[in-house]
Amino acid sequence: MRIEWKDEIPLQIDLEQTASSGQCFRWQAAGGGAYRVPNGEKCLAIAPGSVPGRVRVDVTAEEFARDWADYFDAGRDYAAICRSAQEDSFLCACAAVAGGVRVLRQDAWEMLITFTISQNNNIPRIRASVDKLCRRFGHPVAKGVRGCPALYSFPAPEALRDVKKLKGLGLGYRDRYLAALADGVCTGAIDLDALKKMPYAQAHAYLTGLFGVGVKVANCVCLFGLGHADAFPVDTWIKKILDAEYREGFPLEKYPGCAGIVQQWMFYAVQSGQVELKKEEKTPRI
DNA sequence: CTCCAGGGCAGCG
DNA sequence: CGCTGCCATGGA
């Protein structure tokens, strides 16, 4: 069985960059630059189009607009964000190799669990744990195609309540965080529907009140799961970048409503090794 | 062996 | 408030 392409859509995106940008851990490479993208009960096949700025998909343009435009943040003008970074030579260098990264709007519950797993962890291990989680507790949402294994849904909260069932997934000490979050959603103590309606500051405060969720993970959930593009997660990589390039602090005010997007460009560019940081000049001891 | 990875918690001062 | 040790796990 192979992928049946149905339509070509205008969308500025580099699929390979986005797939390896550390925001989504379940995209599946399908060969020839194509990817299978699971979200909820649906799965989209997507590939570069006949010209830059377009993508091929295995749904009609109408179905894409209905089910996927929001996921891909299709309404945002990324070129305009890039232009607003013109005076910043470091950011321009990052955009040159990472400007094709789009910040996806993924499922909030999935992002909450995924980025709780991400703490003090690395990207390959996060991907492995999420994959095992879906295989064990999810159900198939897309069949295998020419070598690519089947894709499974992200587990519902009910499946993750019992911490004893979370062994063997490589979660380490994080397993009890997941179980507590899942139980909270099941009992109603955690209200994800209310969370989705909150403005950024309120959502961030709500999230940091949850056991196992700190400032950084809360920002990742806001940015990748709640559509708050002004969230600016600071992890070990961004810390290094701020330390080397922005000693006076990052100028968040220059990127109103989209700081998280330039953050993703910097993260991907440096984490992938394509942009190097300045050597730390030894502060002269007085 | 040590250090590190998209950190957070608990226990201090 | 800020600081420190600890937390599982696996790869370099």
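Naming convention: chains lettered A, B, ... in sequence-line order (proteins, then strands); numbering from 1 in each chain.
Here the side chain of A:T236 is nearest to one of C:dA8, B:dG7, B:dG6, namely B:dG7. Side-chain proximity of A:Q119 to B:dG6, C:dC7, B:dG8: nearest is B:dG8.
For the pair A:N120 CG and C:dT4 C1', the interatomic distance rounds to 15 Å; values are reported in whole Å. C:dA8 atom P lies 14 Å from atom CG of A:L166, rounded to whole Å. If you measure from atom CZ of A:F115 to atom P of B:dG7, you get 10 Å, rounded to the nearest angstrom. Atom NZ in A:K239 sits about 10 Å away from atom C1' in B:dG6, given to the nearest Å. In this structure, CD1 of A:I123 is placed 15 Å from P of C:dA12, rounded to the nearest angstrom. Rounded to whole Å, atom P of B:dG6 lies 17 Å from atom CG of A:N219. If you take CZ of A:F211 and C1' of B:dG7, they are 13 Å apart, rounded to a whole angstrom. With rounding to whole Å, A:N122 atom CG is found 14 Å from C:dT9 atom P.
Each of A:Q264 and A:T208 was matched to the nucleotide of DNA chain B holding its nearest heavy atom; the match closer to the 5' end belongs to A:Q264. If you find the closest nucleotide of DNA chain B to A:R125 and to A:G214, the one lying nearer the 5' end belongs to A:R125.
Taking the 5.5 Å centre cut-off and the 30° plane limit, the aromatic side chain of A:Y177 is not classed as stacked on B:dG8.
B:dG11 sits 15 Å from C:dA8 when the P atoms are compared, rounded to a whole Å. Nucleotides B:dG6 and C:dC3 place their P atoms 24 Å apart, quoted to the nearest Å. Atom name C1', nucleotides C:dG2 and B:dA5: the rounded distance is 24 Å, in whole Å.
The closest side-chain donor-acceptor pair between A:Y152 and A:D131, if any, does not fall under 3.5 angstrom. Side-chain contact annotation: A:Y173 with A:Q119, donor-acceptor N/O pair under 3.5 Å present.
A salt bridge links A:D183 with A:R161: the closest approach of a Lys/Arg side-chain nitrogen to an acidic carboxylate oxygen falls below 4.0 angstrom.
Using a 4.0 Å heavy-atom criterion, one finds that A:V234 contacts no nucleic acid atom at all. When heavy atoms are screened at a 4.0 angstrom cut-off, A:Y268 is found touching no nucleic acid atom at all. Residue A:G22 is in base contact, counting any heavy-atom pair closer than 4.0 Å across all strands shown. A:T114 comes within contact range of no nucleotide atom at all, as no heavy-atom separation falls under 4.0 Å. Contact annotation for A:I117: no contact, since no heavy-atom pair falls under 4.0 Å across all strands.
Contact check, A:T116 against B:dG8: no side-chain N or O comes under 4.0 Å of OP1 or OP2. When the side-chain nitrogen and oxygen atoms of A:K240 are compared with OP1 and OP2 of B:dC4, none of them lie within a distance under 4.0 Å.
Between the base of B:dG8 and the side chain of A:Y173 there is no donor-acceptor pair shorter than 3.5 Å.
One finds the CZ atom of A:R36 at 5.0 Å from the SG atom of A:C43 (value rounded to the nearest 0.5 Å).
Shown are A:F267, A:F115, A:F25; of these, the ring pair (Phe, Tyr, Trp, His ring centres under 6.0 Å) with A:F224 is made only by A:F115.
Between A:Y71 and A:W27, the ring planes lie parallel to each other; the angle is under 30°, not in the 30° to 60° tilted range.
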